Protein chains: 4
Amino acid sequence: MPKQKITKEEIIEIARQVFTKKGYHRTSMSEIAEICGILKGSLYHHFRSKEDLMTAAIDSFHKKFKEGAFSQVADPGLTTQDKLNMLINYSEKTYLEDEGSMMASIVLETINVVPGIAESIRTFFNEWIDNVSTILEEVYEREGARKIAKESIAAIEGSVMMMQIFKDESFLTRVHEGMRRRVNEKIRSLDLVENNK
Amino acid sequence: MPKQKITKEEIIEIARQVFTKKGYHRTSMSEIAEICGILKGSLYHHFRSKEDLMTAAIDSFHKKFKEGAFSQVADPGLTTQDKLNMLINYSEKTYLEDEGSMMASIVLETINVVPGIAESIRTFFNEWIDNVSTILEEVYEREGARKIAKESIAAIEGSVMMMQIFKDESFLTRVHEGMRRRVNEKIRSLDLVENNK
Amino acid sequence: MPKQKITKEEIIEIARQVFTKKGYHRTSMSEIAEICGILKGSLYHHFRSKEDLMTAAIDSFHKKFKEGAFSQVADPGLTTQDKLNMLINYSEKTYLEDEGSMMASIVLETINVVPGIAESIRTFFNEWIDNVSTILEEVYEREGARKIAKESIAAIEGSVMMMQIFKDESFLTRVHEGMRRRVNEKIRSLDLVENNK
Amino acid sequence: MPKQKITKEEIIEIARQVFTKKGYHRTSMSEIAEICGILKGSLYHHFRSKEDLMTAAIDSFHKKFKEGAFSQVADPGLTTQDKLNMLINYSEKTYLEDEGSMMASIVLETINVVPGIAESIRTFFNEWIDNVSTILEEVYEREGARKIAKESIAAIEGSVMMMQIFKDESFLTRVHEGMRRRVNEKIRSLDLVENNK
DNA sequence: TATGAATGAGTTTTCATTCAT
DNA sequence: AATGAATGAAAACTCATTCAT
């Protein structure tokens with residue numbers, strides 16, 4: 001009696017959430033299946049393996065991030081500050097909703113152990129760095145922009161971790177504030193130079 | 001063969017390294033035992049459970065950090081910059097040698113899943129924050145010092161994570177540079193104010 | 001090989017027999033699995049834990065006793081003696097076939113050690129006492145009936161134990177005879193009183 | 001530094017109590033050692049094996065019973081009732097203090113599994129039966145006396161079990177009362193016959 | 001005698017995965 | 001597609017026992 005009880009996308013979304021909360025190894029396939037309302041065996045109709053499911057979860061996260069944020073970085077109608085705010089707001093919303101970072105959880109558990117996944121994660125972070133960098137290049141020179149982008153994203157991931165330890169969201173919000181302030185100041189100083197001419 | 005093959009301290013040190021590299025759940029007791037050159041059952045002579053062993057590893061890490069770095073923060077013979085450098089050098093050395101942060105790995109794997117450990121981790125980070133804060137209070141007011149301390153430590157942990165993803169140590173060294181520069185600039189600005197009086 | 005090799009009921013029946021013969025702690029899950037012709041891991045598909053399996057065995061024993069004996073105690077077509085005989089025959093058959101009492105084994109091994117089980121066992125014995133009591137109330141007053149019921153069931157369990165020690169079934173059969181005789185005499189004495197009126 | 005911390009007799013007494021409470025398999029050598037205040041390894045100086053320790057516990061129980069009760073059955077200065085009372089009081093005290101019967105616990109756990117022990121237990125019960133029988137022969141004929149003795153001891157063991165299930169000592173005390181009453185009535189009836197001559 | 005480290009076989013339990021229906 | 005029984009390898013943990021000091 002084959003009747004679709006749940007779509008592949010819904011399973012991925014559930015898996016993403018559980019992986020984020022409990023980590024890769026502490027999450028069992030039967031647990032995901034149970035939350036999905038199907039049986040363990042049925043999961044294997046959609047995904048060949050747990051690794052496959054996790055890769056799908058990473059890709060889906062990446063895709064959502066792309067559509068929700070990265071895609072708008074090229075928008076010529078937005079100011080530098082608008083674009084940065086948009087990116088920051090998107091990631092803040094995501095990390096607060098998920099109460100953690102799936103990428104961070106999975107990286108540390110799998111990086112030395114499940115090599116196939118490392119690449120997906122690297123791809124995601126590279127693209128994030130590229131996007132922040134692109135925005136920053138509007139006010140910084142190329143090298144500096146990239147450095148700040150890397151630094152900022154590392155700071156975000158670190159603060160998400162601290163947020164989990166201390167159950168205190170201000171770690172994350174403060175990093176984001178710092179990023180905004182830094183760029184605002186830079187822009188003001190550039191404007192000053194401009195006006196002084 | 002009853003005679004002591006390995007000390008409790010040596011076991012803890014090995015466990016700490018393996019936990020850091022492979023994460024908590026991917027590390028099995030038999031694996032640790034094997035590296036120690038003893039049998040799985042013998043591990044349980046020294047530690048009642050895996051959680052117990054990990055707690056010992058965390059505490060040992062904490063203790064080493066305390067002895068190697070925190071203890072010198074109160075030294076009146078050192079300048080603010082010396083103390084900060086000392087702390088930074090110690091953590092940089094530790095994280096580069098271990099090729100990662102045990103605390104970060106364990107936090108993300110266990111925080112929502114093995115509650116007993118959360119407290120040990122919180123204690124460590126609180127103490128670290130306190131020590132950086134104490135140093136910074138020499139040049140910042142209290143509230144600001146604490147904020148910067150929290151921000152810095154979050155940034156360090158985040159950069160250690162990125163370091164593992166990209167196999168690129170510059171994430172970590174650059175955060176440390178940033179911390180040094182920031183404080184140096186602050187001190188210079190304070191000196192300027194002093195001299196202008 | 002996915003298809004059903006053995007039903008849950010069959011597993012319970014096997015477990016019941018093995019638990020009765022070897023006791024709870026001397027019986028391992030792999031042993032039960034082996035007799036069932038499945039793997040240890042497959043047992044856990046049907047039962048969450050050893051305790052769960054044992055509870056199922058107790059409940060199944062209880063249910064059989066209920067269906068085979070307790071259910072007929074309310075039958076108005078039977079004389080007091082018939083009902084008592086029916087109950088006695090049923091328990092005698094059960095205990096001789098099993099060569100022991102699962103309840104007794106499990107009680108003594110688990111009562112101070114696996115608290116979850118105590119309740120199931122208490123429930124069974126309470127119901128047994130109630131049933132014997134109900135029959136006896138036809139010839140004794142309420143209080144006395146209950147006392148004799150408790151005494152009799154204790155005597156049965158003790159005799160099953162002695163039966164195992166001495167490999168001598170007469171311990172059990174003699175207790176049953178004693179119960180029958182006692183009631184018969186009582187009835188005769190009541191009839192005498194009746195006739196003398 | 002060999003200094004006697006605890007005597008062999010004290011260890012046996014402790015083992016006897018723990019075996020009674022928790023059963024044979026649920027009692028570990030380290031647990032007994034811990035209560036004794038010595039280390040597990042040291043237990044093996046006194047006893048070659050767990051089975052050896054348990055056999056010692058059984059023998060010690062048997063010996064105490066012998067000295068405390070059986071030895072007085074031959075006392076010509078006591079009446080039948082006195083002797084029976086003495087035996088009953090002794091066993092009642094023992095079973096209530098121990099909150100259970102070691103023999104019963106161990107029988108059911110080991111009878112089909114550790115054959116060496118079965119013999120010790122049979123010997124104890126045989127001797128107990130013999131002693132009760134000897135007393136009863138003063139008022140019953142030989143065969144009848146033995147039957148009642150067996151019946152009574154089975155009833156005692158069963159009631160000790162029920163006492164553990166229901167945490168209700170009256171199971172045991174009532175069996176003992178029943179034994180006393182039965183013999184008193186028999187004696188009274190014999191006296192009647194005597195007087196009627 | 002007592003210690004305590006080590007053993008090794010055993011226990012319960014978990015879990016990703018397979019597959020016939 | 002979904003089921004659910006079965007697998008088998010591996011996990012954490014237990015414990016009676018040994019033995020050099």
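All values reported here derive from a predicted model rather than from experimental measurement. Chain naming here is simple, since letters A, B, ... match the order of the sequence lines and numbering starts at 1 in each.
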Would you find a donor on one side and an acceptor on the other, under 3.5 Å apart, between the side chain of D/E109 and the backbone of C/G23?
no
What pairs meet the side chain to side chain donor-acceptor pair (under 3.5 Å) rule with one or both residues in residues 32-44 of chain A, with sequence neighbours excluded?
none
Taking only residues two or more places apart in sequence, or in another chain, which ones meet D/E10 in a salt bridge (Lys or Arg N to Asp or Glu O under 4.0 Å)?
none
So, with a heavy-atom separation below 4.0 Å from DNA chain E, the residues of residues 15-34 of chain C are C/T27, C/S28, C/M29
Partners passing salt bridge (Lys or Arg N to Asp or Glu O under 4.0 Å) against A/E119 (at least two apart in sequence or in another chain):
A/R122
Rounded to whole Å, NE2 of D/H46 lies from P of F/dA16 at a distance of 17 Å
Stem finding on DNA chain F, please: runs of three or more consecutive Watson-Crick or G-U wobble pairs, both distances under 3.5 Å, sorted by first number.
E:2-21 with F:2-21
Measure the distance from OH on C/Y44 to P on F/dA11 and round it to the nearest whole Å.
17 Å
To the nearest angstrom, the CG-C1' distance between B/L43 and F/dA11 comes to 14 Å
Side-chain N or O of B/H45 versus OP1/OP2 of E/dA5: is the shortest distance under 4.0 Å?
yes
Take the protein atom CD1 of D/I11 and the nucleotide atom C1' of E/dA2, then report the distance between them rounded to whole Å.
11 Å
It should be established whether D/S42 places a side-chain nitrogen or oxygen under 4.0 Å from OP1 or OP2 of nucleotide E/dT1.
no
Is the phosphate of F/dT7 approached by C/K5 (side-chain N or O, under 4.0 Å from OP1 or OP2)?
yes
Whole-Å gap separating P (E/dC15) and NZ (C/K40)
15 Å
With heavy-atom distances below 4.5 Å as the criterion, would you say the side chains of C/F47 and C/K8 are in contact?
yes
I need the residues from residues 48-58 of chain D with at least one non-hydrogen atom less than 4.0 Å from DNA chain F; give them sorted by number, or say none.
D/S49, D/K50
With a cut-off of 3.5 Å and sequence neighbours excluded, list every side-chain donor-acceptor pair involving residues 55-63 of chain C.
| residue | atom | partner | partner atom | Å |
| --- | --- | --- | --- | --- |
| C/T55 | OG1 | C/E51 | O | 2.8 |
| C/H62 | NE2 | C/E127 | OE1 | 3.0 |

What does C/I6 touch in the nucleic acid at a heavy-atom separation under 4.0 angstrom: a base, only the sugar-phosphate, or nothing?
sugar-phosphate
According to side-chain hydrogen bond (donor to acceptor under 3.5 Å, both in side chains), who are the partners of D/S30, at least two apart in sequence or on a separate chain?
D/S28
Sequence neighbours excluded, the answer for side-chain hydrogen bond (donor to acceptor under 3.5 Å, both in side chains) partners of A/E31 is A/K22
Report the residue (D/G41 or A/I38) whose heavy-atom-nearest nucleotide on DNA chain F is the more 5′ of the two.
A/I38
Nearest-0.5 Å distance, CG of residue C/L43 to CD1 of residue C/I38
4.5 Å
Hits for side-chain hydrogen bond (donor to acceptor under 3.5 Å, both in side chains) against A/S101, two or more places apart or cross-chain, chain-then-number order -> A/E157
Distance, rounded to the nearest Å, where C/F47 contributes CZ and F/dG4 contributes P
16 Å
Contact class for B/L39 vs. all strands (heavy atom < 4.0 Å): base, sugar-phosphate, or nothing?
base
Results of salt bridge (Lys or Arg N to Asp or Glu O under 4.0 Å) for B/R16 - residues two or more places apart only:
B/E13, B/D98
With sequence neighbours left out, the residues meeting side-chain contact (heavy atoms from CB on, under 4.5 Å) with B/K50 are B/F19, B/Y24, B/M29
